[in-house]
Structure formats: structure tokens, C-alpha cells
Amino acid sequence: MGTLRDLQYALQEKIEELRQRDTLIDELELELDQKDELIQRLQNELDKYRSVLRPATAQQVQAQQQTKRQAISAEPNACDISELSHVTLAFYPQESKEMIKDAILDNDFMKNLELSQIQEIVDCMYPVDYGKDACIIKEGDVGSLVYVMEEGKVEVTKEGMKLCTMGPGKVFGELAILYNCTRTATVMSEY
């Protein structure tokens, strides 16, 4: 009988040991799930940065240094002010200007500009209409314009894969201007 009792005691110890191991396995699985979520979040952030900045090869860096943008400014050489009296400057409603300013302040890449710079951008904006399925920006092209969506919708794709759909009050096309790079995505009008 002492042997049976010893075996039962040993069995109870083994069962308790298995319970402790199960508890440890559960804790480790929970920790693994948390690490997987963290990895996924970091991977998403990395993908965002990669979509904006592509690593430059030595040839691209050299080509960029050789083809830096230059600005040319000139004053009219023989201008009679009376000839300009019939010219009218475009007037845009204050609501449109406020919407452009709000869109810029909502943009991660442009919100840190000084207010005077934002005002200059707002003052330079002018309306452009696009029909359905029009290509507004083509990935890989050289960009010189920034867009603010006033109405409608656009679809943003990169390398043929849909990234998102944007609606009114959103800025797009700013990356090529801010980082002096080619367009990082294609933008098509949807309506």
C-alpha cells in the first residue's frame, strides 16, 4: 500500500508540474501574440516610410546632384502699366482658401511649415477640374504641383496596388515637391 500511495503522490506532483507548464505556455503564447502585433505595427510603419523614401543608389544620388532644380526669376523688360489695366486676378471664395489651409495643416508632411509659408501656398493655388478616371499624377513622373482635393474622390495606387481612396480636404502630390523626387504613387480621379 505504501507503494500505491507513493505512486499517487508522484502522479499528483506530475499533474501539478504539467499545470504549471501549461500556465507558462499560455503566458508565453500571450507574450508572443503581443510581440507579433508589435512587429505588424512596426512593419506597417516601415512600409509607410518605404513608400515615401526609396533607398537611392549611387547613380541616382550622382544624377540628382547634377540635375538640381534651379529657379529663374525675371522682371518684364518693357511693360506699360496701362496694358495691365484690363487684367483681372482670379478671386477664390474664402471657404476654399480655408479648406486648403486646413488640408495643409492636416497633412503629416506639410503641417510643420510656418504660417507664412502655408499662406503663400494657399495664395498660389488655383482650381483645376478633372473628369472621371483622369490620371492626375503618374508614379515615376517628375512632379511640380501639389493638389488639394475640394470635391470628388481619387484612388491612390503604388506599383499597381491600391493604397487608399481620398476624398475632399486632402493634400496629395506633396512628396515629390518636398523631397525633390519623382512621384511616389499614381492618383486617378474616381468621382
Side-chain angles (χ1 to χ4, degrees), residues 1-64 98-115 118 132-141 143 146-191:
M1 286 233 185
T3 315
L4 180 62
R5 187 168 283 193
D6 290 340
L7 289 174
Q8 287 176 338
Y9 182 72
L11 180 62
Q12 288 295 338
E13 284 181 349
K14 292 294 180 187
I15 289 173
E16 184 59 33
E17 188 179 317
L18 287 174
R19 281 188 189 139
Q20 289 175 354
R21 285 186 184 176
D22 285 344
T23 303
L24 180 62
I25 288 171
D26 289 343
E27 289 172 2
L28 291 174
E29 284 177 343
L30 180 63
E31 186 178 337
L32 183 61
D33 289 342
Q34 291 171 344
K35 300 274 184 186
D36 284 342
E37 287 175 15
L38 176 63
I39 289 170
Q40 187 60 44
R41 278 199 320 271
L42 292 174
Q43 186 66 46
N44 290 342
E45 289 295 316
L46 184 59
D47 289 343
K48 284 182 192 176
Y49 290 119
R50 282 184 179 153
S51 73
V52 174
L53 302 172
R54 284 184 251 154
T57 64
Q59 291 174 337
Q60 289 172 330
V61 170
Q62 187 178 20
Q64 238 182 6
E98 285 297 320
M99 189 269 309
I100 294 168
K101 181 180 174 186
D102 291 344
I104 291 171
L105 289 172
D106 187 46
N107 182 277
D108 290 337
F109 298 100
M110 298 181 78
K111 67 182 174 188
N112 295 319
L113 294 173
E114 293 179 18
L115 287 178
I118 292 172
K132 184 176 180 178
D133 298 326
C135 183
I136 301 169
I137 292 176
K138 184 177 178 192
E139 184 178 354
D141 284 355
V146 174
Y147 299 87
V148 176
M149 182 85 111
E150 187 170 24
E151 58 185 33
K153 289 184 180 182
V154 293
E155 181 180 88
V156 182
T157 59
K158 181 170 180 64
E159 297 173 356
M161 293 180 56
K162 181 178 177 180
L163 296 178
C164 67
T165 299
M166 291 192 298
K170 293 296 180 186
V171 174
F172 59 94
E174 76 282 8
L175 298 180
I177 310 302
L178 293 172
Y179 296 104
N180 194 22
C181 62
T182 59
R183 297 293 192 182
T184 59
T186 296
V187 179
M188 300 283 292
S189 63
E190 274 189 359
Y191 274 84

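Just so it is clear, the values below take in all heavy atoms, side chains as well, and ignore hydrogens, waters and symmetry mates. Quick note: residue numbers are just sequence positions, from 1.
Within the 4.5 Å cutoff, no side-chain heavy atoms of Lys138 are placed close to those of Arg183. Taking 4.5 Å as the limit, every side-chain heavy atom of Tyr147 sits out of range of all side-chain heavy atoms of Val154. The shortest side-chain heavy-atom distance between Leu178 and Met110 falls under the 4.5 Å cut-off.
Closest of all the heavy-atom pairs between Glu151 and Met149 is O-SD, 3.5 Å.
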Output side-chain donor-acceptor pairs under 3.5 Å for residues 10-35, partner residues at least two apart or in another chain, one line each.
residue : atom : partner : partner atom : Å
Glu13   : OE2  : Tyr9    : OH           : 3.0
Glu17   : OE2  : Arg21   : NH2          : 3.0
Thr23   : OG1  : Arg19   : O            : 2.9

Review item, side-chain donor-acceptor pairs of residues 161-176, under 3.5 Å, at least two apart:
residue : atom : partner : partner atom : Å
Lys162  : NZ   : Thr165  : OG1          : 3.2
Lys170  : NZ   : Asp106  : OD2          : 3.2
Glu174  : OE2  : Asn107  : ND2          : 3.2

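Considering NZ of Lys153 and OG of Ser189, their distance stands at 13.0 Å, rounded to 0.5 Å. With rounding to the nearest 0.5 angstrom, the CD atom of Glu190 is 8.5 Å from the CG atom of Asp133. Note: Thr186 OG1 to Lys158 NZ = 9.0 Å, rounded to the nearest 0.5 Å. Note: Lys111 NZ to Ile118 CD1 = 11.5 Å, rounded to the nearest 0.5 Å.
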